[in-house]
Amino acid sequence: MERDELGYDRAKEVKEFDETKAGVKGLVDSGVTKVPRFLIHPPESLPNPMLSPATTHFQVPVTDLQGFEQSCRRMEIVDQIGKASETWGFFQMINHGVPVSAMDKMFEAVQQFHEQPKEEKIKWYSRDLKQPVKYYSSMDLLVSKAASWRDSISFDFKYGPLNLEALPLACRESVSEYWKHIIELSKTLKELLSEALGLSTDYLANIECMKSELFLCHYYPACPEPDLTIGTKKHSDPSSLTILLQDNIGGLQVLHQDNWVNVPPVHGALVVNIGDLLQLITNDKFRSVEHRVLAGRIGPRISVACFLHPNPARKLGPIKEFLSDSNPPIYRETHISEYAAHHTSKAGNSALSHFKLL
C-alpha cells in the first residue's frame with residue numbers, strides 16, 4: 001500500500017471516491033470547498049499564472065463551409081482546411097450543416113443526464129471499455145497520478161447506430177439526432193481533407209481511416225480551486241479526427257508554437273482537430289497537436305467530442321502516394337488497437353514516436 005511521508009493513502013482515497021459513483025459532481029453536491037488531494041496536479045502540469053495569455057498573438061483558424069459544393073468556393077475551403085491542418089492541427093467551422101437546434105439539444109441532454117439524481121446515473125456507471133454506453137469520472141482514475149475535474153458519459157458507435165432503448169432516457173433522442181448529423185458532416189470532411197492532401201475526393205473514405213464514431217460527453221462542474229486541478233490534462237487524440245462541440249464557458253486550449261492558445265467558444269461552431277492516426281498516415285503532413293481543458297470557477301462547462309476512428313481490421317501506414325526517395329515513410333504500419341494500447345501506456349501523450357521507423 002502506497003503512503004507518503006505524511007501517511008496519505010492515495011489508493012484508498014481514489015477507491016472511496018470511485019465507489020460513490022457520484023463523480024466530481026458528487027463532490028460539488030456534498031459542498032466541498034477544497035479540491036481533494038487525488039485531483040491536485042503538479043505545478044508543471046498546470047497553467048503558469050506568470051505567463052501572459054497567448055491569445056493576443058495567435059488565433060485559431062475559422063473556416064466557413066458555406067457553399068463548399070460550388071467549385072470555386074470549394075477550392076478556397078480546401079486550401080484553408082489544408083493550411084490549418086498542416087500548421088495548427090486545429091480549426092473551427094461555421095455553416096457546417098449541423099443545425100444549431102440539434103447542438104443545443106445535446107448540451108441540454110448532457111446536462112440533464114449529469115444533473116439527474118445519483119440513483120439514475122449509477123445504472124450506467126462502468127469502467128469496462130467494451131461497454132457501448134457508460135458513465136464514469138476520469139477513465140484513467142485508478143492509474144493516473146492525478147485525476148481530472150470532470151465526469152463523462154460515452155457512446156460507442158463502433159458497430160453502427162445504437163438501439164434507442166440502450167441509451168439513457170435523459171439523452172436518448174438528442175444523441176440519436178446529433179449522431180445522424182455528425183455522420184453527414186464527417187462525409188464532407190473526409191472529402192475536403194482528401195482534396196487538401198491532393199488525393200481523390202473519396203480517398204480517405206475508401207481506406208476507412210474514419211470508419212466509426214465515439215462520443216465523449218463531458219461535464220465540468222464549477223471548481224472551488226481551479227488553480228490546483230485541470231479539466232482535461234495535456235494530450236493528443238489517438239483517433240484520426242475529432243469533431244468537438246463546446247459550450248460558451250471556454251477553457252479549451254491548444255499548444256501552438258510553444259504557446260497555449262485559447263479556442264474561443266463560438267455559438268453554432270464546431271471545432272475540428274487532427275488526431276495522431278491522421279498524422280501517421282499523412283507522414284507528418286497533417287499535425288496532431290496537444291491540447292487541454294482548464295478547470296474554472298464558472299460551470300458547468302459541457303462539451304461533446306466525436307472521435308472518428310479507423311476500421312479496426314485495417315492496418316494503417318503512411319499513404320503510398322506521398323512516399324518517394326526524398327520523402328520516405330516516417331512510421332511503420334499499425335492497427336488502431338496497438339496504437340491505442342501505447343497511447344494509454346503513455347498516459348494520454350502522443351505515442352507516435354513509438355511507431356517511427358528512424
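Numbering starts at 1 and runs along the sequence shown.
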What distance do [X] atom [atom1] and [Y] atom [atom2] have between them, rounded to the nearest 0.5 Å?
| X | Y | atom1 | atom2 | answer |
| --- | --- | --- | --- | --- |
| Leu280 | Ile319 | CG | CD1 | 10.0 Å |
| Cys209 | Leu277 | SG | CG | 9.0 Å |
| Ile40 | Asp227 | CD1 | CG | 11.5 Å |
| Trp260 | Arg292 | CH2 | CZ | 5.0 Å |
| Phe58 | Gln257 | CZ | CD | 4.0 Å |
| Ile77 | Met93 | CD1 | CE | 11.0 Å |

Show the nearest heavy-atom pair for residues [X] and [Y], with the distance to one decimal.
| X | Y | answer |
| --- | --- | --- |
| Arg127 | Ser138 | NH1-O, 2.7 Å |
| Glu208 | Asn311 | OE1-ND2, 2.7 Å |
| Trp124 | Glu120 | CD1-O, 3.6 Å |
| Ile249 | Asp247 | N-OD1, 3.0 Å |

Side-chain ([X]) to main-chain ([Y]) donor-acceptor, under 3.5 angstrom:
| X | Y | result |
| --- | --- | --- |
| Glu290 | Lys234 | no |
| Ser85 | Arg287 | no |
| Ser194 | Leu204 | yes |
| Arg172 | Leu167 | yes |
| Asp151 | Val24 | yes |
| Arg73 | Gln66 | yes |
| Ser176 | Glu173 | no |
| Asp276 | Ser236 | no |
| Asn95 | Asp64 | no |
| His235 | His291 | yes |

Subject >> Lys211 atom NZ, neighbour heavy-atom count above 12 within 6.0 Å >> reply: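 No, not enclosed.
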**OP:** Check the surroundings of atom NZ in Lys118: do more than 12 heavy atoms from other residues, nucleotides or ligands lie under 6.0 Å from it?
**Re:**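 Buried by this count: over 12 neighbours within 6.0 Å.
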Compare all side-chain heavy atoms of [X] with those of [Y] and state whether any distance is below 4.5 angstrom.
| X | Y | result |
| --- | --- | --- |
| Leu244 | Leu252 | yes |
| Phe17 | Leu39 | no |
| His96 | Leu189 | no |
| Leu199 | Phe322 | yes |
| Leu316 | Tyr339 | no |
| Gln116 | Lys121 | yes |
| Leu278 | Met210 | yes |
| His114 | Lys25 | no |

Co-membership, hydrophobic cluster, residues [X] and [Y], 4.5 Å side-chain:
| X | Y | value |
| --- | --- | --- |
| Ile281 | Tyr331 | yes |
| Ile230 | Val14 | no |
| Val266 | Phe91 | no |
| Val272 | Ile183 | yes |
| Tyr220 | Leu46 | no |

**OP:** With side chain to side chain contact (heavy atoms under 4.5 Å, CB included) as the test, would you mind laying out the steps for Glu225 and Thr229 before giving the verdict?
**Re:** CA-CA 7 Å; Glu225 296 180 304; Thr229 188; over 6 Å; no
With a 3.5 Å cut-off and sequence neighbours excluded, list the donor-acceptor pairs that the side chains of residues 153-165 form with protein atoms.
| residue | atom | partner | partner atom | Å |
| --- | --- | --- | --- | --- |
| Asp156 | OD1 | Lys158 | N | 2.9 |
| Asn163 | OD1 | Glu165 | N | 2.9 |

**OP:** Given side chain to side chain contact (heavy atoms under 4.5 Å, CB included), test Asn283 with Ile330 step by step and report yes or no.
**Re:** CA-CA 6 Å; Asn283 217 37; Ile330 297 171; 3.4 Å; yes
Before accepting this row, confirm whether a basic side-chain N of the pair [X]/[Y] lies closer than 4.0 Å to the acidic partner's carboxylate O.
| X | Y | result |
| --- | --- | --- |
| Glu19 | Lys15 | yes |
| Glu86 | Lys285 | yes |
| Glu16 | Lys12 | yes |
| Glu177 | Lys180 | no |

Taking only distance into account, with no hydrogens and no angle test, what donor-acceptor pairs under 3.5 Å do side-chain atoms of residues 294-308 form with protein atoms, sequence neighbours excluded?
| residue | atom | partner | partner atom | Å |
| --- | --- | --- | --- | --- |
| Arg297 | NH1 | Pro224 | O | 2.7 |
| Arg301 | NE | Gly250 | O | 3.1 |
| Arg301 | NH2 | Gln246 | OE1 | 3.1 |

Donor-acceptor contacts, no H, no angles, side chain residues 142-149, under 3.5 Å, sequence neighbours left out:
| residue | atom | partner | partner atom | Å |
| --- | --- | --- | --- | --- |
| Ser144 | OG | Asp140 | O | 3.1 |
| Ser144 | OG | Ala146 | O | 3.3 |
| Trp149 | NE1 | Pro221 | O | 2.8 |

**OP:** Report yes if the distance between the aromatic ring centroids of Phe355 and His342 is under 6.0 Å, otherwise no.
**Re:** yes
Return all side-chain donor-acceptor pairs below 3.5 angstrom for residues 97-113, not counting sequence neighbours, or 'none' if the list is empty.
| residue | atom | partner | partner atom | Å |
| --- | --- | --- | --- | --- |
| Gln111 | NE2 | Glu115 | OE1 | 3.4 |
| Gln111 | NE2 | Glu115 | OE2 | 3.1 |

**OP:** Could you please spell out the steps behind the side chain to side chain contact (heavy atoms under 4.5 Å, CB included) verdict for Ile274 and Leu241?
**Re:** CA-CA 5 Å; Ile274 304 299; Leu241 199 73; 3.8 Å; yes
Original post:
For Ile94, which fellow cluster members are found when Ile, Leu, Val, Met, Phe, Trp and Tyr are connected by side-chain heavy-atom distances below 4.5 angstrom, either directly or through intermediates?
Top reply: Val62
**OP:** Any pair with a residue in residues 181-213 that passes ring-ring contact (aromatic ring centres under 6.0 Å, His included), sequence neighbours left out, goes on the list, sorted by first then second residue, please.
**Re:** none
Subject >> His309/Ser239 under side-chain hydrogen bond (donor to acceptor under 3.5 Å, both in side chains): CA gap, chis, key distance, verdict >> reply: CA-CA 5 Å; His309 288 291; Ser239 57; 5.2 Å; no
Original post:
For Arg332 and His354, what are the C-alpha separation, side-chain angles and deciding distance, and is it a side chain to side chain contact (heavy atoms under 4.5 Å, CB included)?
Top reply: CA-CA 9 Å; Arg332 65 175 174 85; His354 177 80; 3.7 Å; yes
Original post:
Have Tyr136 and Asp18 got a donor and an acceptor in their side chains that come within less than 3.5 Å?
Top reply: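 Absent: no donor and acceptor within the cut-off.
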Original post:
Between Tyr125 and Tyr135, how do the two ring planes meet: parallel, tilted or perpendicular, split at 30° and 60°?
Top reply: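 Rings of Tyr125 and Tyr135: perpendicular, over 60°.
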